[in-house]
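Every number for a ligand or one of its atoms is a count from 1 in the order of the listing.
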Amino acid sequence: MKIPFNKSSLTGHEMEYMAALLRKGDLSSDGEFSQKCTALLEQKYSIHRVLLTPSCTSALEMAGMLCDLRPGDEVILPSYTFPSTANAIVRLGAIPVFVDIRPDTLNIDEDLIEVAITDRTKAIIAVHYAGVSCNMDRLVALARKYELTLLEDAAQGVNAFTDNQALGSIGALGAYSFHSTKNYGCGEGGALCVNSPALVERAEIIREKGTNRTKFLRGDIDRYSWVDIGSSYVPSEIVSAFLLAQLETIESTTQKRKTIFEFYNYHLNHLQDYGLMRLPFIPRNCRTNYHLYYLLLPTAELRTELMTYLNEMEIGATSHYVPLHTSPMGRTFGYETGDLPVTEDLSKRLLRLPIYPNLSEPEQMKIISEIKSFMLQRQVLKTQANVIVRGREL
Ligand SMILES: *Cc1c(COP(=O)(O)O)cnc(C)c1O
């Protein structure tokens, strides 16, 4: 691809921090760089405790364990998400109860949650698609009313807000991703946001192989031992040195993504006005991090044709999730095609466009003009298209 779907970029101090660490020598974990990353996230987003992890997947696994899920427990989540959201609970024997999404934000439809709650329901997982918040007021109220644990898969939601609350800081636990396809990345990385103080101690133990080593390192106890089930959910300090550079430049990275996002909006808006596509929707109380830019085409056929056309033009436009409930694993829980109509429909009509800080304006212009020329070539709603040609120098 001449214009790939995603490209990671250095933001300034990555090499310097990694070199400094290598000179110092202790590469294992939770050193100076990890501590700086942690403090930065805790302060910036008012999170009680941040624990860096090797991925968002591992943070979600920890969250599942901290919910004390047992076989047969049910957890409510959207189907329109990455498999890690469901794996976190399924690996503990819990049953995923998939709920349809809202057509505007593609987030879980808060109006459909209450009917999905049973006396086996233990938790709700909010997935903030594209860095746009779920309706957290409603989810928090439902969790409180039915005494459920609210988890946030905020893999895409770092530095995004609802009203003035950071995503990941609202539920009992939140999970961030620093995978290189996300906004602020270190190759592979993540964090568990522990917002409920009562869960901190056990979270530290699970993360450190089931031992109370973290307490020992703080000097609270004079030796550590095996106290609970755990695993190794600790990233190397090499990764944290890289991550710190990315976290320190969160605002400038976000600003660059915002410029690209708004440039697409500006040039594609009239296609939306003519009903040829729908552009991303951001509720007024949400502040996004501009994680994704997507189009919703009028039909699945048109989406696939446009995707093929852009790929032929060497532009990395791509679809997104195969709904989990229609995937081979999802079907083992008894789901069938037709169960979640909005999810199934939108997933077939959605196309993601390249958005990353190093995407140049000429590259973006090329993407936009290829989209417009496709729309004309296919003579999609020919009359309207002609109006666009005359009116807007298409
Ligand atoms: C990327 C992503 C994950 C997985 O993140 P990793 O850091 O790659 O483990 C989980 N959930 C959602 C919604 C994601 O977008």
Tabulate below the donor-acceptor pairs under 3.5 Å that side-chain atoms of residues 68-77 make, not counting sequence neighbours, or state none.
{"from": "Asp68", "atom 1": "OD1", "to": "Arg70", "atom 2": "NH2", "distance (Å)": "3.2"}
{"from": "Asp73", "atom 1": "OD1", "to": "Lys122", "atom 2": "NZ", "distance (Å)": "2.9"}
{"from": "Asp73", "atom 1": "OD2", "to": "Arg70", "atom 2": "N", "distance (Å)": "2.7"}
{"from": "Glu74", "atom 1": "OE1", "to": "Thr118", "atom 2": "OG1", "distance (Å)": "2.9"}

Please tabulate, one pair per line, all N/O donor-acceptor pairs under 3.5 Å involving side-chain atoms of residues 294-301, not counting sequence neighbours.
{"from": "Thr299", "atom 1": "OG1", "to": "Leu302", "atom 2": "N", "distance (Å)": "3.0"}

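Residue-level proximity to ligand 1 for Ala155 is carried by the side chain, the only part with a heavy atom below 4.0 angstrom. For Thr57, heavy-atom contacts with ligand 1 shorter than 4.0 Å involve the backbone as well as the side chain. Contacts between Thr181 and ligand 1 below 4.0 angstrom, taking non-hydrogen atoms only, are absent altogether. By the criterion of a heavy-atom distance under 4.0 Å, the side chain of Tyr321, and not its backbone, is placed next to ligand 1.
Counting atoms of ligand 1 from 1 in the listed order, those under 4.0 Å from a heavy atom of Gly189 are 7 (O). Set against the non-hydrogen atoms of Val127, the atoms of ligand 1 under 4.0 Å away are 13 (C). Atoms of ligand 1 found under 4.0 Å from any heavy atom of Ser55 (numbered from 1 in listed order, with element): 7 (O), 9 (O). When each atom of ligand 1 is checked for a heavy atom of Ser177 under 4.0 Å away, the hits are 5 (O), 6 (P), 7 (O). Close contacts of ligand 1 with Thr81, meaning ligand atoms under 4.0 Å from a residue heavy atom, involve 13 (C).
Ranking the protein heavy atoms by distance from atom 5 (O) of ligand 1 puts Cys56 CB, 3.3 Å first. Nearest protein neighbour of atom 15 (O) of ligand 1, counting heavy atoms only, is Gln156 NE2, 2.9 Å. Nearest protein heavy-atom neighbour of atom 11 (N) of ligand 1: Asp153 OD2, 2.8 Å.
Considering Thr211, Val200, Thr214, Val227 as possible partners of Ile205, the one that fulfils the side chain to side chain contact (heavy atoms under 4.5 Å, CB included) test is Val227. Partner Thr254 forms a side chain to side chain donor-acceptor pair (under 3.5 Å) with one of Thr249, Asn289, Asn159 and no other, that one being Asn159. Applying ring-ring contact (aromatic ring centres under 6.0 Å, His included) to Phe261 and the options Tyr356, Tyr266, Tyr293 leaves one that passes, Tyr293.
Within the 4.5 Å cutoff, the side chain of Ile113 has heavy atoms near those of the Ile124 side chain.
The aromatic rings of Tyr45 and Tyr176 sit perpendicular to each other, their planes meeting at more than 60°, with 30° as the lower class boundary.
Residues Glu336 and His325 have side chains that never bring a donor and an acceptor to within less than 3.5 angstrom of each other. A side-chain N or O of Asp100 and one of Thr343 form a donor-acceptor pair less than 3.5 Å apart.
Using 4.0 Å as the threshold, Lys182 has a heavy atom nearer than that to some atom of ligand 1.
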